[in-house]
Amino acid sequence: MDAPRFRFAPSPTGSFHIGGARTALMNWALAKRLGGTFILRIEDTDEARNRPEWTEGIIEALAWLGISSDDPAFEGPYFQSQYAQQHIDAAQRLFETGHAYYCDLTSEQIQDRAKAEGSQGYGGWSRDAGLGPGPGRVLRFRVPAGTTTVHDAVRGEVQFDNATIEDFVLLRGNGSPMFLLANVVDDLTMRVSHVIRAEEHLPNTPKQQMIWEALGHAAPTWAHVPVLVNEQRKKISKRRDKVALESYRDEGYLAPAMVNYLMTLGWSPRGGTEIVPWQVIEDEFRLEDVNHSPAFFDLKKLAAFNGEYIRALSPDEFATAAEPWLAQWRATHPTAVWDQQRFVAMAPFVQPRATTLAEAPGVVDFLFLPQPEFDEAGLAKALATEGAAALVADSIEAFGTCPWQADAINAAFTAVAERHGLKMGKAQAPVRVAVTGRTVGPPLFESLELLGRDETLRRLRALPPSVHVS
RNA sequence: GCCCCCAUCGUCUAGUGGCCUAGGACACCACCCUUUCAAGGUGGCGGCACGGGUUCGAAUCCCGUUGGGGGUGCCA
């Protein structure tokens with residue numbers, strides 16, 4: 001048995017579909033585990049050919065998912081358009097062997113005729129006309145009588161009555177090959193052994209299989225995995241849903257989290273947990289274990305996965321992963337003074353509070369800004385509390401002398417709170433707003449330690465005059 | 001219209017005739033922890049679409065119904 005050859009054949013559209021990402025991942029997992037090959041074939045159109053960046057985008061997206069073109073298991077990219085002549089040659093062979101015939105009926109004529117017969121679609125009217133090639137004539141496949149059985153690795157045997165399949169077009173009136181034909185011919189010339197794709201392609205599988213057989217080859221192993229759907233249970237589409245993998249990447253979802261989540265849609269690893277490293281997926285993924293029903297792409301669950309992956313990062317890894325968003329934040333906050341060490345020190349407190357990397361800067365911005373960005377409503381509320389001004393004043397005094405270390409600051413402030421007869425939760429509110437600008441955020445005393453005594457005092461002192469304390 | 005696929009908690013799934021008074025995860029709720037918010041811990045809510053078979057026994061097999069989805073181009 002030769003090593004299996006899997007093919008992933010996206011058509012470039014300017015963005016990479018998450019559904020495509022999932023099938024790519026499945027192909028990749030199998031290719032890696034079985035020592036086979038992952039073939040990237042770009043189903044390029046005229047438009048795509050003029051936009052090489054679209055193809056680059058696909059390769060980038062795959063690389064982000066961990067499907068690297070540098071990996072020995074990776075082959076391609078190939079471009080369908082380069083094989084046009086072979087598609088035409090194959091069509092010619094099909095014609096010569098009687099598997100296909102020319103038809104000179106126009107779409108309108110076909111419609112009229114079907115209407116007259118009270119039927120639908122093309123009725124094979126030119127089958128025995130004995131026509132040769134000519135301008136305006138299409139080449140149609142002569143669908144044989146009988147049934148076509150598709151052996152699907154996910155669904156088992158699926159039978160199609162050939163009588164329900166009309167003689168479909170192989171070559172257009174202008175001689176150019178149809179996608180269906182091109183696809184089969186490419187799979188054949190690339191010696192593809194497994195075709196794993198979304199379920200929406202199942203209905204045209206018998207057509208492809210018939211072409212394989214007419215060309216003298218046994219069909220590959222088919223596998224149709226369930227589609228991804230939205231809340232309305234409709235196939236997720238570019239029009240209605242957020243399907244671009246890039247948008248998730250840009251929002252700060254980690255690639256391993258995305259990969260892991262995508263793979264749990266329609267499949268699950270053995271053992272108790274579904275959060276598993278890629279290696280486990282590669283070792284355990286089996287087509288036979290894939291579910292048959294559509295899966296809802298649940299953003300909330302994706303977020304939960306992402307949170308887990310973020311928390312699992314070391315502080316340094318987190319800082320590195322978040323860097324693009326931190327850089328962006330710096331660019332939009334020119335007055336900020338960045339301190340990488342301070343950010344890394346803060347990381348353990350921001351990681352449990354961020355579901356995406358994009359949220360990271362917002363949690364710690366006060367550490368780097370010359371002035372915190374105040375949440376006005378929260379500020380007003382915290383300071384409106386009975387005795388807030390006095391508490392802040394006492395805090396300033398206590399913070400001026402206590403050792404500048406989280407525990408000590410905590411102790412000092414606890415004493416102040418007690419003197420005011422306040423619980424920690426209440427007491428810290430004015431200080432938190434004064435220093436961080438918000439009523440919620442990372443642990444206060446650790447934040448103060450990192451901010452520094454001078455800056456903490458400065459912000460506390462700056463507070464009363466700048467606000468109207470009632 | 002015709003063809004095809006699908007059907008376990010709200011969602012993603014485990015389950016391949018007895019281990020199922022159906023397990024886990026996300027979400028939700030409660031409690032605990034706690035300097036806020038998170039995170040974490042504990043617990044709770046909640047499901048085999050329906051009807052017939054087959055069988056000693058069915059979430060698991062068969063048939064039907066209903067309900068969803070997909071396909072059906074001289075698109076890719």
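So you know, we letter chains A, B, ... as the sequences are listed, proteins then strands, and number each from 1. The analysis underlying the following values was restricted to heavy atoms, covering all of them including side chains, and did not include hydrogens, waters or symmetry mates.
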Considering Watson-Crick and G-U wobble pairs with both distances under 3.5 Å, what does B:U54 pair with? none
Between B:G69 and B:A59 - C1' atom distance, rounded Å: 22 Å
Pick base, sugar-phosphate or nothing for A:G425, based on heavy-atom distances below 4.0 Å to the nucleic acid. sugar-phosphate
With a 4.0 Å cut-off on heavy atoms, is A:F296 in touch with a base, just the backbone sugar-phosphate, or nothing at all? sugar-phosphate
Partner of B:C33 by Watson-Crick or G-U wobble geometry, both contacts under 3.5 Å, or none? none
Look at all strands and tell whether A:L444 reaches a base, only sugar-phosphate, or nothing, counting heavy atoms closer than 4.0 Å. base
In whole angstrom, give me the gap between the P atoms of B:G64 and B:C19. 29 Å
I'd like the C1' distance from B:C63 over to B:U54, given in whole Å. 11 Å
What is the nucleic acid contact for A:V138, judged by heavy atoms within less than 4.0 Å: base, sugar-phosphate only, or nothing? base
Side-chain contact check for A:N204: nearest option of B:C5, B:A76, B:C74 is B:A76
Heavy-atom side-chain proximity of A:L188 to A:I211 below 4.5 angstrom: no
Could you tell me whether A:R438 contacts a base, only the sugar-phosphate backbone, or nothing, with contacts defined as non-hydrogen atoms closer than 4.0 Å? nothing
B:G44 and B:A25: how far apart are their P atoms, nearest whole angstrom? 12 Å
Who pairs with B:G73 - Watson-Crick or G-U, where each distance is under 3.5 Å: none
B:A25 base / A:K301 side chain donor-acceptor hit below 3.5 Å: yes
Base-pairing mate for B:C20 - Watson-Crick or G-U, with both contacts under 3.5 Å: none
Heavy atoms only, 4.0 Å cut-off, all strands: where does A:A304 land among base, sugar-phosphate and nothing? sugar-phosphate
Do A:R353 and B:C37 share a donor-acceptor pair, side chain to base, under 3.5 Å? yes
With heavy atoms under 4.0 Å as the rule, sort A:F445 into base, sugar-phosphate or nothing. base
Given RNA chain B, 5'-ward residue of the pair A:E274 and A:V227, judged by closest heavy atom: A:E274
Taking atom P in both B:C20 and B:G40, what distance in whole Å separates the two? 29 Å
Using a cutoff of under 3.5 Å, can you pull out all pairs of nitrogen or oxygen atoms linking the protein to nucleotides 45-50 of chain B, with atom names and distances?
none

Touch class at under 4.0 angstrom, heavy-atom based, for A:R270 against every strand present: nothing
As a test of understanding, state which of A:F16, A:F305, A:Y253 forms a ring-ring contact (aromatic ring centres under 6.0 Å, His included) with A:Y248. A:Y253
Please determine whether ring-ring contact (aromatic ring centres under 6.0 Å, His included) holds for the pair A:Y261 and A:F297, giving the CA-CA distance in whole Å, both sets of side-chain angles, and the decisive distance to 0.1 Å. CA-CA 9 Å; A:Y261 176 63; A:F297 185 84; 5.5 Å; yes
Polar side-chain contact A:E199-B:G70 base: donor and acceptor under 3.5 Å: no
How about A:R197 and A:T205: do any of their side-chain heavy atoms sit closer than 4.5 Å? yes
B:C48 and B:C9, which share atom name P, separated by this distance in whole Å: 7 Å
Base, sugar-phosphate, or nothing for A:D161, non-hydrogen atoms under 4.0 angstrom? nothing
Test side-chain hydrogen bond (donor to acceptor under 3.5 Å, both in side chains) applied to A:D167 and A:R142, A:R140, A:R127, the passing residue: A:R127
With a non-hydrogen cut-off below 4.0 angstrom, is A:P443 in contact with a base, only sugar-phosphate, or nothing? base
Under 4.0 angstrom, heavy atoms only, what part of the nucleic acid is A:P226 near: base, sugar-phosphate, or nothing? nothing
For B:A14 versus B:U60, give the span between their C1' atoms, rounded off to a whole number of Å. 13 Å
Do A:M178 and A:L170 have side chains that approach each other closer than 4.5 Å (heavy atoms only, starting at C-beta)? no
For A:R233, answer base if it contacts any base atom (sugar-phosphate contacts may also be present), sugar-phosphate if it contacts only those atoms, and nothing otherwise; contact means non-hydrogen atoms under 4.0 Å. sugar-phosphate
So which nucleotide does B:A7 pair with, by the Watson-Crick or G-U wobble rule with both distances under 3.5 Å? B:U66
Indicate, with a heavy-atom threshold strictly under 4.0 Å, whether A:E446 touches base, sugar-phosphate, or nothing. base
Parallel, tilted or perpendicular: rings of A:F141 and A:F168 (30°, 60°): parallel
Whole-Å distance separating the OH atom of A:Y309 from the C1' atom of B:A25: 13 Å
Would you call A:L379 and A:E376 a side-chain contact if the rule is heavy atoms closer than 4.5 Å? yes
I'd like the C1' distance from B:G47 over to B:U8, given in whole Å. 6 Å
Taking only residues two or more places apart in sequence, or in another chain, which ones meet A:K207 in a salt bridge (Lys or Arg N to Asp or Glu O under 4.0 Å)? none
Going by the rule salt bridge (Lys or Arg N to Asp or Glu O under 4.0 Å), which residues pair with A:E455 if we only count those two or more places apart in sequence or in a different chain? A:R458, A:R459
Checking all strands, does A:K234 fall into the base, sugar-phosphate, or nothing category for heavy-atom contacts under 4.0 angstrom? sugar-phosphate
